[in-house]
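For reference, the structure is listed below as structure tokens.
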Amino acid sequence: MSRTSTSPLAPVAATAAQTIFRVGLGGVLIAHGTQKLFGWFGGGGIEGTSKGMHAMGFRPAKPSAVLAGLGEAGAGLALALGLGTPAAGAAAATTMGVAASVHAPNGFFATEGGLEYPAVLGLAAASFTIGGPGSLSLDSVTGHVLDRPWMRAVALAVIPTAIAIQVYRRQKALAHDASGPDASSTGTDTGSAASADSTSSATEGQPTVRRTS
């Protein structure tokens, strides 16, 4: 008859692993968000990100750039601290889900410009919305005031709805651009899209296509 033994250090190890993953994920999101908001780490800042957003069909472009930056930097900071985890995870997952939809036509792998990278970040963020931040977090210190079970359920339900709305709005804007009567406007949009390619990592949280795995 086999007996399964559990090390007394197992809970400590699990908490440490969860915390390291949460803080690491938050750090990555903060880095991408500050690229968009402030132009840090080689990012385009609000102006550069707005141009990329417009070319990709996100209208109005500047508010979209600000929301994308906040969805990464703000949610990333909250996740790293473990504060308001359901909302933070949902915000990050939504932002990354929309980014993944942009890259989906290129397939799965990030090396080909696919959805791999933002999809993984989004799924990781959603996992904290479901499972919570762990004991080494501000949510735990504050008695989970901002991390109630009903908040997790609502936040999880919001993610696909918010993604669907943004994808629909983007597709509608692109369809309008494609059917526009002004050929010069189409040419301008094409030029903007070409210039946006060089800053795709700053506008959608995606590493450049030339990145090697």
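Atom set for the values below is all heavy atoms of this structure, side chains included, hydrogens, waters and symmetry mates excluded.
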Next on the checklist: Grouping I, L, V, M, F, W and Y whenever their side-chain heavy atoms are under 4.5 Å apart, do Phe21 and Val28 come out in a common cluster?
Outcome noted: yes

Next on the checklist: Can you give me the closest heavy-atom contact between Ile30 and Ala73, atom names plus distance?
Outcome noted: CG1-O, 3.7 Å

Next on the checklist: Under the rule for salt bridge (charged side-chain N to carboxylate O under 4.0 Å, His left out), what residues qualify as partners of Lys62, not counting sequence neighbours?
Outcome noted: Glu47

Residues 80-94, side-chain donor-acceptor partners within the protein, below 3.5 Å, at least two apart:
unit_1 : atom_1 : unit_2 : atom_2 : d
Thr85  : OG1    : Asp139 : OD2    : 2.6
Thr94  : OG1    : Ala90  : O      : 2.8

Item to check | Those residues that, when tested against Gln166, pass side-chain contact (heavy atoms from CB on, under 4.5 Å) (two or more places apart) | outcome: Val98, Arg169

Checklist entry - Listed by chain and number, what are the side-chain contact (heavy atoms from CB on, under 4.5 Å) partners of Ser140, not counting sequence neighbours? => result Ser135, Ser137, His144

Checklist entry - With hydrophobic residues grouped by side-chain heavy-atom distances under 4.5 Å, do Leu77 and Leu146 end up in a single group? => result yes

Checklist entry - Counting N and O atoms only, with roles assigned by atom type, does the side chain of Asn106 sit under 3.5 Å from a partner on the main chain of Gly114, one being a donor and the other an acceptor? => result no

Item to check | From CA spacing to verdict: side chain to side chain contact (heavy atoms under 4.5 Å, CB included), Leu29, His32 | outcome: CA-CA 5 Å; Leu29 291 169; His32 282 291; 5.9 Å; no

Item to check | Between CD1 on residue Ile163 and CD1 on residue Ile159, distance to nearest 0.5 Å | outcome: 7.0 Å

Checklist entry - Between Glu116 and Phe109, is there a donor-acceptor pair closer than 3.5 Å when you use the side chain of the first and the backbone of the second? => result no

Checklist outcome for this item: The reported gap from OG in Ser50 to NZ in Lys36 (rounded to nearest 0.5 angstrom) is 11.5 Å

Next on the checklist: For a quick test of reading the model, state the closest non-hydrogen atom pair linking Ala65 to Thr49 and the distance between them.
Outcome noted: CB-CG2, 3.6 Å

All N/O donor-acceptor pairs, side-chain side in residues 118-127, below 3.5 Å, sequence neighbours left out:
unit_1 : atom_1 : unit_2 : atom_2 : d
Ser127 : OG     : Ala124 : O      : 2.5

Next on the checklist: Please determine whether ring pair (Phe, Tyr, Trp, His ring centres under 6.0 Å) holds for the pair His103 and Phe108, giving the CA-CA distance in whole Å, both sets of side-chain angles, and the decisive distance to 0.1 Å.
Outcome noted: CA-CA 8 Å; His103 293 277; Phe108 176 74; over 10 Å; no

Item to check | Validation row: Gln18, Phe128 side chains within 4.5 angstrom (heavy atoms) | outcome: yes

Next on the checklist: Any side-chain to backbone donor/acceptor pair from Arg59 onto Arg170? Under 3.5 Å, distance only.
Outcome noted: no

Checklist entry - Who passes side-chain contact (heavy atoms from CB on, under 4.5 Å) against Ile20, sequence neighbours left out? => result none

Next on the checklist: I'd like to check the salt bridge (charged side-chain N to carboxylate O under 4.0 Å, His left out) partners of Arg152; sequence neighbours left out, ordered by chain and number.
Outcome noted: Asp147

Next on the checklist: For a quick test of reading the model, state the closest non-hydrogen atom pair linking Ser64 to Met53 and the distance between them.
Outcome noted: O-CE, 3.9 Å

Item to check | Connected-component partners of Leu67 among ILVMFWY, side-chain separation under 4.5 Å | outcome: none

Next on the checklist: Starting from Val167, can I reach Met56 by hopping between I/L/V/M/F/W/Y residues whose side chains sit under 4.5 Å apart?
Outcome noted: yes

Next on the checklist: Connecting only ILVMFWY residues whose side-chain heavy atoms lie within less than 4.5 Å of each other, what is the rest of Trp150's hydrophobic cluster?
Outcome noted: Met151, Val154, Val158

Checklist entry - Can you tell me how far OG1 of Thr15 sits from CG of Leu136, rounded to the nearest 0.5 angstrom? => result 6.0 Å

Checklist entry - Is His54 reaching over with its side chain to a backbone N or O of Ala61, donor-acceptor style, under 3.5 angstrom? => result no

Item to check | Fellow cluster residues of Val66, listed by chain then number, with links counted only when side-chain atoms sit under 4.5 Å apart | outcome: Leu37, Phe38, Trp40, Phe41, Ile46, Leu70

